[in-house]
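Working notes, structure below.
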Amino acid sequence: MYDDRVTSHPRMSLAERKRRLVSDELTESALQLLALKGYDAVTIDEIVATAGVSRRTFFRYFASKEDVVVQFLADMGTGMRAELADRPAGESHAEALRNAVKVPLAICSARSDHSERALSVVQLILRTPALLARFLERQAQWRDDLTEEMGRRTGLDPEAELYPRLAAGMALTAFDAVLQRWSGSDGAEDPAELLDRAFDVIGPALDTVAA
């Protein structure tokens with residue numbers, strides 16, 4: 001299931017590849033159990049039994065079961081800033097940000113092999129206060145990253161001008177609204193279409209930059 005991740009990193013050493021495979025197996029087992037039974041009902045013993053590893057191995061990779069979900073959240077945000085940095089200079093700010101926050105929604109698409117798992121995990125996060133708090137923490141980091149990149153893109157100093165942080169915040173608010181709607185529909189609605197509709201609303205404001 002995760003072979004594409006390994007082969008996409010040809011420079012990894014054999015030890016690094018083994019670590020990645022074990023980490024991925026633990027993550028997959030934990031997320032499946034957490035989504036199926038709920039956060040409070042799953043024990044670390046169950047996770048390691050499902051993954052076929054020892055408790056010692058689990059704690060070599062994660063400090064707690066919460067950290068497994070945090071890693072999933074980190075993976076969701078990977079690539080947003082890079083995508084924003086790669087957008088054409090002449091593209092509107094709204095379009096550039098839409099494409100940036102679209103990156104983590106790719107796993108939610110019906111065309112993704114991982115869409116069902118992603119739905120279960122997103123629903124788990126949104127319904128579990130402790131996990132939701134960590135998700136909001138992660139979004140704060142994403143906001144900082146996008147703010148810095150919007151500052152570079154617009155030539156506006158994020159410390160002196162409001163626009164870069166406001167733009168980043170609006171884009172992530174749209175992202176959050178899409179996740180809420182997609183989760184609430186049990187995956188029936190298309191996240192890409194929802195994101196387009198969200199940016200139809202906020203796009204005009206994003207494309208207005210104060211001098």
Side-chain angles (χ1 to χ4, degrees), residues 1-83 101-139 141-142 175-176 178-180 182-192:
M1 185 172 193
Y2 288 95
D3 289 348
D4 57 333
R5 293 187 183 186
V6 174
T7 56
S8 64
H9 295 277
R11 296 180 182 176
M12 277 187 178
S13 69
L14 182 60
E16 288 172 332
R17 292 185 183 190
K18 183 178 179 180
R19 284 183 59 83
R20 173 61 68 89
L21 287 171
V22 174
S23 176
D24 288 343
E25 184 63 31
L26 278 169
T27 299
E28 180 72 10
S29 299
L31 292 179
Q32 286 181 351
L33 285 169
L34 291 169
L36 179 66
K37 301 179 65 174
Y39 181 75
D40 293 330
V42 175
T43 66
I44 290 176
D45 285 338
E46 288 179 283
I47 293 172
V48 298
T50 300
V53 301
S54 66
R55 284 176 60 90
R56 181 177 180 180
T57 297
F58 177 90
F59 287 114
R60 190 178 300 144
Y61 292 90
F62 303 105
S64 67
K65 60 183 178 180
E66 182 179 302
D67 282 351
V68 179
V69 183
V70 172
Q71 182 58 50
F72 173 83
L73 295 177
D75 291 343
M76 279 190 72
T78 299
M80 274 199 292
R81 180 173 184 169
E83 178 65 24
V101 299
K102 189 176 182 179
V103 170
L105 290 176
I107 62 170
C108 304
S109 168
R111 294 185 293 274
S112 168
D113 293 337
H114 306 300
S115 61
E116 289 188 10
R117 190 196 72 169
L119 176 62
S120 297
V121 176
V122 168
Q123 289 177 330
L124 174 71
I125 291 168
L126 296 180
R127 296 169 183 174
T128 307
L131 298 180
L132 180 57
R134 296 300 295 270
F135 187 34
L136 295 176
E137 287 179 7
R138 183 61 58 173
Q139 283 196 42
Q141 180 59 57
W142 298 348
F175 167 78
D176 190 58
V178 168
L179 279 187
Q180 293 277 356
W182 178 67
S183 171
S185 73
D186 288 329
E189 298 204 53
D190 180 4

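Because only heavy atoms are used, hydrogens play no part in the values below, and waters and symmetry mates are left out as well, while side chains stay in. Here the structure is a predicted model, which is why all the values come from computation and not from measurement.
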Please determine whether side-chain contact (heavy atoms from CB on, under 4.5 Å) holds for the pair Y61 and T27, giving the CA-CA distance in whole Å, both sets of side-chain angles, and the decisive distance to 0.1 Å.
CA-CA 10 Å; Y61 292 90; T27 299; over 6 Å; no
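The side-chain heavy atoms of V48 and T57, taken from C-beta on, include no pair separated by under 4.5 Å. When side chains are defined from C-beta on, V69 does not count as touching R134, because their heavy atoms never get closer than 4.5 Å. Side-chain contact check for Q139 versus D176: some heavy-atom pair is nearer than 4.5 Å. Counting heavy atoms from C-beta outward, L179 and L105 have side chains that approach closer than 4.5 Å.
The residues R19 and E16 are annotated as not salt-bridged, no charged nitrogen and carboxylate oxygen being separated by less than 4.0 angstrom.
Going from atom CG of L31 over to atom NZ of K65 covers 12.5 Å, rounded to the nearest 0.5 Å. Taking CG from D45 and OG1 from T50, the interatomic distance works out to 10.5 Å, rounded to the nearest 0.5 Å. Taking CG of L126 as the start and CD of Q180 as the end, the distance is 4.5 Å to the nearest 0.5 Å.
Across every non-hydrogen atom of V101 and P104, the tightest pair is O-CD, 3.2 Å. L26 and A51 get closest at one heavy-atom pair: CD2-CB, 3.9 Å. The minimum heavy-atom distance between C108 and W182, with the atom names listed, is O-CZ2, 3.4 Å. Contact record, V122 with S183: CG1-CB, 4.2 Å, taken as the closest heavy-atom pair. Of all non-hydrogen atoms in P191 and V178, the two that sit nearest each other are O-CG1, 3.7 Å. Taking every heavy atom of both residues into account, E46 and A41 meet most closely at OE1-O, 3.4 Å.
With sequence neighbours excluded, the residues satisfying ring pair (Phe, Tyr, Trp, His ring centres under 6.0 Å) with F58 are F62. Residues meeting the side chain to side chain contact (heavy atoms under 4.5 Å, CB included) test with L124, sequence neighbours left out: L34, Y39, T128, L131.
The number of heavy atoms from other shown groups lying within 6.0 Å of NZ (K102) does not exceed 12.
Q32 and E28 form a side-chain donor-acceptor contact under 3.5 Å, judged by distance and modelled atom types alone.
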